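Notes for the one structure printed next.
Quantities reported herein were computed from a predicted structural model and do not represent experimental measurements.
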Amino acid sequence: MRFRFGEPGELTAPSDDRLAVGDPRVVDFLSRFARRLLAPAVARRHPELGSLGYFLRPAELNRAVSRMRRDDDTYVFPRGNVFHVPPANVDTIFVYSWALSALAGNHNVVRISSRSAGAAETVLEALNTTLADADPVIGRTQRMVTYGRDDELTAALSAWCDLRVIWGGDSAVEAIRRHPLRPSARDLTFPDRTSWAALSVPGWQAADASARRAAVVGFSNDAYWFDQAACSSPRTVFLVGGSAADAATARAEFLALLADVVVQRGWVVDAAMAVEKRVNAYGLAARGAVSALAFPDNAVTSLSLTGVAQAPRRWIGAGAFPFAHVATLDELVPAMNRQDQTFSHFGFATSDLRAFATALGGRGVDRIVPFGSALTFSAIWDGYDLPHEFTRLTTLES
């Protein structure tokens, strides 16, 4: 976006660059950008971008637009100016929120961390390549910027926006929130979250070899794509149902398959991270949260928790999986709180999962998804209906 600075703290954009909800120029740009992400050469280098490309397909974009529009006498308009502050540790998350905001017709500024690399660089290259043939309005209304610690610029962008979207740890959210918004603006925050995995022991026993392997492949994607640091990556695995002996057998089989899949997929954990993981794991043991540890290699570490209440909420390290055994999903309900985001699962009946969601009653857990879907972004995220968050409504009564 081309800005002109007026009074201190004020930013304005050209008045002739209005976009509508579901603007065809934005849909065309995002669709062509998606095709670049789905190109075989890109998919080989960064498989996680395949999910992003799928999310931006025309059918998905049209579905998102339909969620924004209304059938009654309510008019839907862009919210206005949106300032996005994504995290550095998950280097594609900014595209999802930016794309939905652009699709809603907003003018966007996205601050890209100077620490972003890898897939983020590929995304930015694809965006710039797509921009070359796009309608000029896209370049004037959508801007990715990188800058260091600059409170003056962050304050100016905060004063400019109608909506500020903040991703990151609690401390990062608090730091950005120190810069005031104008009274009519508001924040949409995605702070520290914890996610879990649950494996039904009877469901595992009933599954054939191919189903078990598919589940473990999905679980490995959930855990290893972002070094288990993504908010939706599982931190603890709960073994549910069956006897203690059955649970121990299922855990051993699960870990053996996981170790094999990790080798085949080429997931690696560097030595420095492996050392940090050991330090954190021994710290849990010293506090009495863990009764046993196993470090067969750098990539897979298993920990035996002394109880559900000891499940760690902070990141231990890539490939660290604490385990706890419970009789039913209901036993997990008291341990869940508003910090909890994704609950991935394998082997449960749908009725059991519905009963679990009902028992939670909104106290925690925003998503309940199968293994392999923890990192799959959707228009409803962290309990927010994003297509609606990025729009504003005008009602008409005659």
Query - Within-4.5 Å side-chain heavy-atom neighbours: E331 and T328 - result: yes
Query - Inter-residue atom distance Y96.OH - L52.CG, 0.5 Å rounding - result: 4.5 Å
Query raised in the report: Can you list the steps and then say if D162 with R182 is a salt bridge (Lys or Arg N to Asp or Glu O under 4.0 Å)?
Result: CA-CA 8 Å; D162 298 291; R182 60 174 181 261; 2.5 Å; yes
Requested in this report: Could you pull out the closest heavy-atom pair between W381 and L386, with the gap in Å?
Outcome: CB-CD1, 4.1 Å
Query raised in the report: More than 12 heavy atoms of other residues, nucleotides or ligands under 6.0 Å from CZ of R363: is that the case?
Result: yes
Query raised in the report: Do you know which two heavy atoms are closest between P78 and R392, and how far apart they sit?
Result: O-CG, 3.4 Å
Query raised in the report: Looking only at atom types and distance, does a side-chain atom of R367 sit under 3.5 Å from a main-chain N or O of T342, one as donor and one as acceptor?
Result: no
Query raised in the report: Nearest heavy-atom pair of G168 and P87: which atoms, and what distance?
Result: CA-CB, 4.2 Å
Requested in this report: Check for a donor-acceptor pair, side chain of S243 on one end and backbone N or O of D246 on the other, with a separation under 3.5 Å.
Outcome: yes
Report task. Apply salt bridge (Lys or Arg N to Asp or Glu O under 4.0 Å) to E60 and R63, showing your working. Result -> CA-CA 5 Å; E60 295 297 320; R63 191 171 293 115; 2.6 Å; yes
Requested in this report: Verify, without hydrogens or angle tests, whether T74 (side chain) and R70 (backbone) share a donor-acceptor contact under 3.5 angstrom.
Outcome: no
Query - Geometric cation-pi criterion, R57 with Y54: 6.0 Å, 45° - result: yes
Query raised in the report: So, the side chain of D222 versus the backbone of A374: is there a donor-acceptor pair under 3.5 Å, distance only?
Result: yes
Query raised in the report: Looking at A34 and G53, what are the two nearest heavy atoms and their distance?
Result: CB-O, 3.5 Å
Query raised in the report: Roughly how far apart are S232 OG and R193 CZ, rounded to 0.5 Å?
Result: 10.5 Å
Query raised in the report: Roughly how far, to the nearest 0.5 Å, is CD1 of I176 from CG of L181?
Result: 10.5 Å
Query raised in the report: Under the 3.5 angstrom rule, does the side chain of N62 hit a backbone N or O of A59 as a donor-acceptor pair?
Result: no
**Report entry** Geometric cation-pi criterion R278 and F295, 6.0 Å radius, 45° cone
**Finding:** yes
**Report entry** Flag, side chain of H46 to backbone of L37, donor-acceptor distance under 3.5 Å
**Finding:** no
Requested in this report: Test the R265-Y224 pair against the cation-pi criterion, namely NZ or CZ under 6.0 angstrom from the six-membered ring centroid and within 45° of the ring axis.
Outcome: no
Query - Expected output: side-chain R111 to main-chain T146 donor-acceptor under 3.5 Å - result: no
Report task. Taking all heavy atoms of F346 and all of A207, pick out the closest pair and write down the distance. Result -> CZ-CB, 3.8 Å
Requested in this report: Going by the salt bridge (charged side-chain N to carboxylate O under 4.0 Å, His left out) test, name the single residue among D170, D192, D340 that passes it with R313.
Outcome: D340
Query raised in the report: So which heavy atom on A259 is nearest to which on V300, and how close?
Result: CA-CG2, 4.2 Å
Report task. Begin from the C-alpha positions of E121 and R45 and carry the test salt bridge (Lys or Arg N to Asp or Glu O under 4.0 Å) through to its verdict. Result -> CA-CA 12 Å; E121 292 298 321; R45 291 202 319 274; over 6 Å; no
Query - Donor-acceptor contact below 3.5 Å, side chain N108 vs main chain N106 - result: yes
Query - Approximate separation, where rounding is to 0.5 Å, of I316 CD1 and F321 CZ - result: 10.0 Å
Query raised in the report: Looking only at atom types and distance, does a side-chain atom of R69 sit under 3.5 Å from a main-chain N or O of V76, one as donor and one as acceptor?
Result: no
Query raised in the report: Quick one: does D23's side chain have a donor or acceptor within less than 3.5 Å of a partner on A20's backbone?
Result: yes
